[in-house]
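Quick note on labels: first sequence line is chain A, next is B, and so on, each numbered from 1.
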There are 2 protein chains.
Amino acid sequence: MKNDVTATCEEGEGRLKIIAAAEKLFADHGFDAVSMHAIATAAGISKANIYHYFSNKDALYLAVLQGASAALRARLQEAMDSRGPASEALRHFAVSHLRHLLARPYLVRLFLRELLENGEPRARDLADAGLADLFASLVGILRMGQEQGELRSDFDPALVATMLLGANVIFFQSRDLLRQYPEVHFVDTPEEYDLAMVEVLLQGIRQNPQDSSS
Amino acid sequence: MKNDVTATCEEGEGRLKIIAAAEKLFADHGFDAVSMHAIATAAGISKANIYHYFSNKDALYLAVLQGASAALRARLQEAMDSRGPASEALRHFAVSHLRHLLARPYLVRLFLRELLENGEPRARDLADAGLADLFASLVGILRMGQEQGELRSDFDPALVATMLLGANVIFFQSRDLLRQYPEVHFVDTPEEYDLAMVEVLLQGIRQNPQDSSS
DNA sequence: ACACTGGCTGACCGACGGGTCGGTATTGCT
DNA sequence: AGCAATACCGACCCGTCGGTCAGCCAGTGT
């Protein structure tokens with residue numbers, strides 16, 4: 001025993017290689033479509049060796065999800081600190097959120113997969129908790145904006161939070177698909193997309209009497 | 001041969017039972033997690049009998065997807081005929097779209113699953129085509145509204161179409177999750193959600209000088 | 001009565017899945 | 001050096017997978 005605790009979760013070079021390989025494969029193909037042999041090969045080790053680190057396939061999957069959850073939460077923490085006016089906070093949140101989605105596509109797809117699952121719970125709670133965090137923080141921003149009079153108070157913060165999250169998720173999820181349509185020109189500029197999206201949320205799209213220029 | 005054509009695709013009682021069972025199972029658990037035996041049991045027939053109707057598992061899956069695609073497209077046709085002012089057309093579209101999503105949750109999850117897939121193409125194109133239809137029709141409505149001066153012309157129709165679709169999809173996808181939060185009270189009233197959502201899109205959420213009452 | 005045909009089945013096959021076992025290479029401590 | 005623990009592997013076990021096959025059992029035309 002060279003150090004105090006090894007049973008927690010950190011350290012372990014081989015472990016990390018396994019998790020990294022499994023993360024990508026699970027995200028790309030789903031739990032059942034990925035064999036332990038495939039993971040082992042991708043990680044450059046033998047299948048039996050995986051069982052040296054993880055008791056079974058579910059445990060490995062859970063570890064991957066937990067790692068993903070921790071990573072995403074950590075990175076999204078930045079998006080969640082809201083300072084300044086609500087409009088600015090919203091813009092910051094949206095752009096930051098989308099950037100993190102795009103930076104970790106495997107983890108995100110892992111989460112979306114879990115959200116779709118209707119059979120084994122496996123790690124639903126983890127995915128749920130992640131989304132709930134985002135949701136709560138967004139609602140907080142909006143409510144603050146309402147209390148300070150910057151935003152109208154006759155709309156449901158939860159509704160707008162859902163819309164913003166939905167806009168980001170669908171952008172992430174159907175980006176490749178949208179890319180095939182030439183009339184869509186925001187596919188490769190996520191920040192632009194998000195800024196315009198937040199602007200629509202903020203200003204609305206209906207022709208307003210007082211602004212008709214540009 | 002009691003009737004003219006049997007080789008096309010319709011009719012076939014056993015066939016339909018198989019497809020119905022497979023549809024639910026595939027939507028709930030995904031392609032790889034569902035065994036032919038499970039489908040057979042759910043359909044109340046023997047596994048071998050499935051191969052009497054479908055050449056293999058992929059063919060069955062494809063048939064399910066095609067059926068789903070046809071069903072969804074047919075039902076969504078109603079949502080896509082846009083008459084009247086753009087605002088009304090949008091409301092109609094959104095509510096109708098969401099209603100159809102909620103009425104056929106299995107099919108929809110099947111599609112979302114396919115959209116997530118990154119491995120075998122299997123039936124990506126079908127799912128893609130379905131989404132593209134919706135997208136195109138929505139963009140059409142918005143563009144019309146712009147040309148007729150009802151909507152501002154400085155926003156990207158594709159952007160707003162994406163937002164609306166995203167809002168509906170995320171509502172569908174995370175409905176159960178949202179239900180656990182008491183502050184969210186639109187979970188069980190999809191029409192209300194969609195009307196409010198479209199209203200936000202149309203009117204915006206920023207405090208406008210000219211309207212401050214209710 | 002007969003054969004024939006289409007819906008249907010249980011028994012079966014090879015392949016591959018997750019998981020185990022016995023054993024070896026490597027490391028680090030004394 | 002000796003020793004124990006760790007990291008790792010090839011071979012194997014057994015259940016289940018997708019898929020096949022020979023045949024059963026209605027119905028039905030002759």
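For the pair Y53(B) and dG6(C), the criterion of a side-chain N or O lying under 4.0 Å from OP1 or OP2 is not met.
Listed by chain and residue number, S87(A), E88(A), L195(A), V198(A), E199(A), L202(A) satisfy the side chain to side chain contact (heavy atoms under 4.5 Å, CB included) test with R91(A) (two or more places apart in sequence, or in another chain). Scanning for side chain to side chain donor-acceptor pair (under 3.5 Å) contacts around R104(B) gives an empty result, with sequence neighbours left out. Considering only residues two or more places apart in sequence or on other chains, Y61(A) meets the ring pair (Phe, Tyr, Trp, His ring centres under 6.0 Å) condition with F26(A), F31(A).
Side-chain N or O atoms of T41(A) include one that pairs as donor or acceptor with a backbone N or O of H37(A) at under 3.5 Å. Judged by distance alone, with hydrogens and angles left aside, the side-chain atoms of N168(A) form a donor-acceptor pair with the main-chain N or O of A94(A) at under 3.5 Å.
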Can you list, pair by pair, the side-chain donor-acceptor contacts under 3.5 Å of residues 126-143 of chain B, counting residues two or more places apart and other chains?
from	atom 1	to	atom 2	distance (Å)
D128(B)	OD1	R124(B)	NE	3.2
D133(B)	OD2	R73(B)	NH1	2.8

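Under the 4.0 Å criterion applied to side-chain N and carboxylate O atoms, E117(A) and R109(B) are not assigned as salt-bridge partners.
Taking atom CZ on F54(A) and atom P on dA7(D), their separation rounds to 12 Å, with Å as the unit.
Across residues 59-68 of chain A, not one residue has a non-hydrogen atom less than 4.0 Å from an atom of DNA chain C.
Between R179(B) and D176(B), some side-chain heavy-atom pair lies under the 4.5 Å cut-off.
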How does protein contact run along nucleotides 9-23 of chain C, one letter per nucleotide 5' to 3', with B for base contact, S for sugar-phosphate only, - for none, heavy atoms under 4.0 Å? BB------SBBBB--
